[in-house]
Amino acid sequence: MPELPEVEVVRLGLEPAVAGARVGDVELHEPRSLRRHVRELGDFETLLRGARLSAPVRRGKFLWLPIERSGPPLALLAHLGMSGQLLLRSVDRQAQPRTRVRILLQPAGRPELFLDFVDQRMFGSLAVDRLVPTDDGAPGGLGSARPLVPAQAAHIARDPLDPAFDEERFIRRVRASRSGVKRALLDQRLVSGIGNIYADEALWAAGLHYERPGSALSRAQLLRLLTAVREVMLRALAEGGTSFDAQYVNVNGASGYFSRSLTVYGRQGLPCARCGTVLRREPFMNRSSHLCPRCQPRPRARRSG
DNA sequence: AGCGAGCCCTGCGCGC
DNA sequence: TGCGCGCAGGGCTCGC
């Protein structure tokens, strides 16, 4: 369940089971799911067995569970990719198909349970990674007050729901570039957590075409765009995220309902909710963009020279 | 430096 | 029915 609202649903669902829990056995069913594991720290399973975990933290689409230990700080890092799920299952349940890693959790004073990493396409992964200091001294992400972030997520920007998100830096960098505004929204180094669905939804809400050059946008337009991003993400979060099928579910396997509330994504051929014009889907960066051609007019081509 | 292409994968729905 | 194609919530690396 890939974009920020879906990962946040997972973070909230994991928190009560994971915070303070000890790790029992670790079963690795698919070594490719550890692609991002940092080998020099040691063996993934060995590092985790017996470890105590603290509450989950999220920045953008990255989620991590800090490991309580002496010595350099480490965390169990998860990225769900396109199809990853983290599921909590009672110990009498068989692993469902495509379970790649199964971690036994022993919460204090409560029955033990499995944390299953399920991933169809295997673009997602788990790892043990080092925690490094944040460059601004603020907390690493939502869920922890500690100014630490996994090394593999240190290069990505904060997300728009993070109180320490540097709005002015985002605006400055977008306005300094002539590339299209959707590219900027999807560039996790500028702002994290936004994927194809919420980029299209926010651009529609802000009335901007995906190819509008960043350099042509005013500060006020970019502030409105960030507001639109936050607004659509918060609404999605309130509905449990966007689920098109059983691939995108919370830690209990339940779907979110925000797909009913999408205004442009996947709605090509249907009328725009604002003006009735037929919505379009257009190729973009080996994916698609969905838009209303009237509310989001294509920028006039710049004449060179 | 920025940007497009290719790659990492599995599986579904569609047209032929 | 079967096959090939296009498509899918992401992101890293490599060239130009």
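Sequence lines set the chain letters: A, B, ... in the order given, protein chains first and strands last, and positions in each chain run from 1.
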Within 6.0 Å of CZ in A:Arg294, more than 12 heavy atoms from elsewhere: no

Options C:dG11, C:dA8, B:dG6, nucleotide nearest the side-chain atoms of A:Ser288: C:dA8

Path from A:Val132 to A:Leu65 over hydrophobic side-chain contacts below 4.5 Å: no

Spacing between A:Arg178 atom CZ and B:dA1 atom P, to the nearest angstrom: 17 Å

N or O in side chain of A:Ser179 less than 4.0 angstrom from B:dC3 OP1/OP2: yes

A:Asn196 vs A:Gln152, nearer the 5' end of DNA chain C by closest nucleotide: A:Asn196

A:Thr242 side chain to A:Glu3 side chain, donor-acceptor N/O pair below 3.5 angstrom: no

From C:dG11, C:dA8, B:dT10, nucleotide with atom closest to A:Arg98 side chain: B:dT10

pair A:Leu115-A:Leu14: side-chain heavy atoms closer than 4.5 Å: yes

Euclidean distance, atom CZ of residue A:Phe284 to atom C1' of C:dG6 [Å, nearest integer]: 19 Å

Interatomic distance where CD belongs to A:Gln85 and P belongs to B:dG11 [whole Å]: 13 Å

Closest listed nucleotide, where the reference is the side chain of A:Arg281 and the choices are B:dA5, B:dC9, C:dC7: C:dC7

Inter-nucleotide P distance (B:dC9, C:dC3), Å rounded: 24 Å

A:Asp129 (side chain) donor-acceptor with A:Leu77 (main chain) under 3.5 angstrom: no

Interatomic distance where CZ belongs to A:Arg100 and C1' belongs to B:dC8 [whole Å]: 14 Å

B:dC9 OP1/OP2 closer than 4.0 Å to side-chain N/O of A:Gln120: no

Option among A:His290, A:Gln296, A:Arg212, A:His209 that satisfies the side-chain contact (heavy atoms from CB on, under 4.5 Å) test with A:Leu203: A:Gln296

Selection from C:dC12, B:dG6, B:dT10 that lies nearest to any side-chain heavy atom of A:Phe62: C:dC12

Nucleotide of B:dC9, B:dC3, C:dG11 approaching A:Ser177 most closely (side-chain heavy atoms): B:dC3

Stacked cation flag A:Arg59 on A:Trp64, 6.0 angstrom / 45 deg: no

Given C:dA8, C:dC12, B:dC3, the nucleotide with the shortest approach to the side chain of A:Arg36: C:dC12

Protein-nucleotide distance (A:Phe123, atom CZ; C:dG11, atom C1'), rounded to Å: 9 Å

Distance, rounded to the nearest Å, where A:Gln268 contributes CD and C:dA8 contributes C1': 12 Å

Sugar-phosphate, base or nothing in reach of A:Tyr198, heavy atoms under 4.0 Å: nothing

Whole-Å distance separating the CG atom of A:Leu80 from the P atom of B:dT10: 18 Å

Phosphate OP1/OP2 of B:dT10: any A:Ser83 side-chain N/O under 4.0 Å: no

Contact under 4.0 Å: A:Arg32 side-chain N or O vs B:dT10 OP1/OP2: yes

N/O (side chain, A:His155) to phosphate O (OP1/OP2, C:dG11) under 4.0 Å: no

Whether A:Phe170 and A:Phe165 hold their rings parallel, tilted or perpendicular, with breakpoints at 30° and 60°: tilted

Spacing between A:Asp200 atom CG and C:dA8 atom P, to the nearest angstrom: 11 Å

Residue pair A:His29 / A:Val101, side-chain heavy-atom distance below 4.5 Å: no

Residue met sooner reading DNA chain B from 5', once A:Arg173 and A:Asn286 are mapped to nucleotides: A:Arg173

Dot-bracket pairing map - DNA chain C, Watson-Crick plus G-U, both contacts under 3.5 Å, | cross-strand: .|||||||.|||||||

Residue closer to the 5' end of DNA chain B, A:Met122 versus A:Gly180 (nearest nucleotide): A:Gly180

